[in-house]
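Heads up: the structure comes next, in structure tokens.
Everything quoted here is computed from the prediction, not taken from an experiment. Residue numbers begin at 1 in each chain, while the letters A, B, ... track the order of the sequences.
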2 protein chains.
Amino acid sequence: MVTIREVAAHAGVGAGTVSRVINESAGVSPTTRARVLESIATLQYRPNPLARGLSRGRCQTIGVIVPFFTQASAIERLRGVVAALGGSRYDLVLFDVETPEHRAEHVATLNRQRADGLLVMSLPLADDELARIMATGMAVVLVDAQHEGLPAVVTDDTEGGRMATEHLVDLGHRRIGFMGDDPDNEFGFNSSALRETGYRVAMADAGITPDEALVLHGPHERGVGTELAGQLLSGPEPPTAIVCCSDVQAAGAIEAIRAAGLRMPQDVSVVGFDDIEMATHLGLTTVRRPLFHSGQLGARLLLEALGVHPPEPQVHELDLELVTRTSTAPPGATSEPQGETT
Amino acid sequence: MVTIREVAAHAGVGAGTVSRVINESAGVSPTTRARVLESIATLQYRPNPLARGLSRGRCQTIGVIVPFFTQASAIERLRGVVAALGGSRYDLVLFDVETPEHRAEHVATLNRQRADGLLVMSLPLADDELARIMATGMAVVLVDAQHEGLPAVVTDDTEGGRMATEHLVDLGHRRIGFMGDDPDNEFGFNSSALRETGYRVAMADAGITPDEALVLHGPHERGVGTELAGQLLSGPEPPTAIVCCSDVQAAGAIEAIRAAGLRMPQDVSVVGFDDIEMATHLGLTTVRRPLFHSGQLGARLLLEALGVHPPEPQVHELDLELVTRTSTAPPGATSEPQGETT
DNA sequence: TTGAAAGCGCTACCAC
DNA sequence: GTGGTAGCGCTTTCAA
């Protein structure tokens, strides 16, 4: 391994000078600079990031702590993060959380030396957890999560639930079901609950009292969507439309509708949430969350915070958008659905 | 930040002793050990990974270099890697490759200080690239790639293409199309080409001369699958079955079949490759690759290599499996398809 | 069994 | 402008 000293010797300068050249600090004569660069090239010198990090107190790495990173929505966000980091000199370390233990372990072991900055995704961290992390001096940006005094990128879940429901109300539906994630999950996820609130708001606005038998909960999985929709559809008074708190559950619901021999949207309309790629192919009407954008913006904010700028504890709210496809129609519609399918 | 010296002072011992305790090296009396551990706990001491890495010459990190990490197959492999790494003390750094420049940059800047070991996924590296990486002293394991003298986890692409085609031949198909990735792509991916070889082998075995008009290529994208299948189906003598080199293209092909007003599998059978989650929902018959397993095994091999054992340049071949669903049937079949749909 | 001290490779400060 | 040098926090000899 070639060290900075060897380069210095080769170029006939001091180690400090080589360092200055590497870091593009001012105060090196063009001549010396050129000579040093040449030595670097001939010796194929690469600075040791560990030594550099130790010396400077930072490690040119940003960490992303994310639950269930293989979920389509998480991946899409990560794609945004990777895009934002491309070109910067920062490496990306992934901290996946699948269990509360993972979460605790990461919170406990995270420190300034493992990452200069941390992107917390979709994980509502407790006050003490955040306090511990902040105490390390790491820059922190929240994505799809929010906490007093911290910069965050969010969307309005309540509004999203409202939009989805309103769309169905506008189409003329009255018996509208809702299916969401378990309200008391071990991670404290609450976006599904907020969307449910939005659902209730829209229902109230329309003067409809939701039938509690049509509001179901279960884990965030496709199969669960199938199951819950099955329950909904086999009841005495099945809904004519279903608001799903995610495209994943919605995809499951669509399966159940098909399995029940019903047509979508003629017999049952479905609205999802997220607009992951699958939604396009399913023709699923859904509330689009700017996933890629949120990851990208979060990473950018973090890079900014790591730069000269002081990290502003600003909350960036990204807009939701209702994407209408073929899964929704007025109740009892008989004609073939029209609209974008691809 | 609490340093090892502060802990030493607090416990009334030398820094070296604290280090020995942390690293569980022998030669510390139980009494001292207990005292040190107590100090560590009270001071909430966490060793600085950077300093440790600099001193020991390794950084407790493994790097994964992977093209297009958001693709379903890559994600599934990464999931295996994360699973294998869980519990180990290694962090995971992601090196995404979307362009030849990314690839060159990663190869150039990778070194022992950024990662102790490297998992190269699906990327056929050139001799000189590998040489450069090996020169850094990093342990290297290849997944879905192969190179003389390096440990690798692979599946037999040719055999997979053969299996898929043979299945269709066995069902009675003679006009079988093939759609694959671009043979001359900028990354040198060749698995699609190998699968095509397998297709030709199976065709030859069945005494069929493939109609070259039925062998199409294009980028690895769903939309491309739709397009290519469209061409195939609108020709003068359309195929009764299509072998796709990936589930992604197969999904596109299915769309094209529907769009053409044809039925699957009665009019056209389709076989995919990979068995990503989508395949289940599409009812797609496909050649299952053990994606999760390959990532997991690759990571395990890497961890082993980083341990005492010398890295054996052994090639681990994982079995492919044909998963039959509802997208394939004998040509001209009239009855409804039967079989697993979920 | 333990403490002291010499690095690991780099940055940044202080003289010149 | 430039060289020398004192750390950054840890591991690992070497003595004691």
Hey, does [X] reach any base, or is it just sugar-phosphate, or nothing, if we go heavy atoms under 4.0 Å?
X	answer
A:S25	nothing
B:T3	sugar-phosphate
B:V18	nothing

Is there a side-chain hydrogen bond (donor to acceptor under 3.5 Å, both in side chains) between B:R52 and B:N23 once you walk through the steps? CA-CA 11 Å; B:R52 189 201 281 250; B:N23 298 292; 3.1 Å; yes
Nearest-angstrom distance from the residue atom [atom1] of [X] to [atom2] of [N]:
X	N	atom1	atom2	answer
B:R35	C:dG3	CZ	P	8 Å
B:Q60	D:dT11	CD	C1'	13 Å
B:I22	D:dC10	CD1	C1'	8 Å
A:R46	C:dC8	CZ	P	22 Å
B:Y45	D:dC10	OH	C1'	7 Å
A:I4	C:dC8	CD1	P	14 Å
A:R33	D:dT2	CZ	P	12 Å

Does some side-chain heavy atom of [Y] sit less than 4.5 Å from a side-chain heavy atom of [X]?
X	Y	result
B:L125	B:R103	yes
A:I62	A:L85	yes
B:L318	B:V154	no

In short, ring-ring contact (aromatic ring centres under 6.0 Å, His included) pairs touching residues 125-149 of chain B with sequence neighbours left out are none
Residue pairs passing the ring-ring contact (aromatic ring centres under 6.0 Å, His included) test with at least one member in residues 76-120 of chain B, sequence neighbours excluded, are B:F95-B:H106
Nearest-nucleotide check on DNA chain C, A:S19 vs B:G12; residue mapping nearer the 5' end is B:G12
Could you run down the sub-3.5 Å N/O contacts of the protein with nucleotides 13-16 of chain D?
from, atom 1, to, atom 2, distance (Å)
D:dT13, O4, B:R20, NH2, 3.1

Per the under-4.0 Å heavy-atom filter, residues of residues 49-57 of chain A near DNA chain C come out as A:A51, A:R52, A:S55, A:R56
**Prompt:** Is it the case that A:R77 and A:S294 place a side-chain donor and acceptor less than 3.5 Å from each other?
**Reply:** yes
query = So, does B:R79 use its side chain to make a donor-acceptor pair with the main chain of A:T70 at under 3.5 Å?
reply = no
Of A:T32 and A:R5, the one whose closest nucleotide on DNA chain D sits nearer the 5' end is A:T32
Exercise. Are any of B:T17's side-chain N or O atoms less than 4.0 Å away from OP1 or OP2 of C:dT2?
Worked result: no
*Does B:N48 have a side-chain nitrogen or oxygen under 4.0 Å from the phosphate oxygens OP1 or OP2 of D:dC8?*
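Indeed not, no polar side-chain atom of B:N48 lies that close.
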With the side chain defined as heavy atoms from C-beta on, B:V28 is closest, among C:dT2, D:dC10, D:dT2, to C:dT2
Those residues at least two apart in sequence (or on a different chain) that pass side-chain hydrogen bond (donor to acceptor under 3.5 Å, both in side chains) with B:H293 are none
Ring pair (Phe, Tyr, Trp, His ring centres under 6.0 Å) filter on A:F187, not counting sequence neighbours, yields A:F68, A:F189
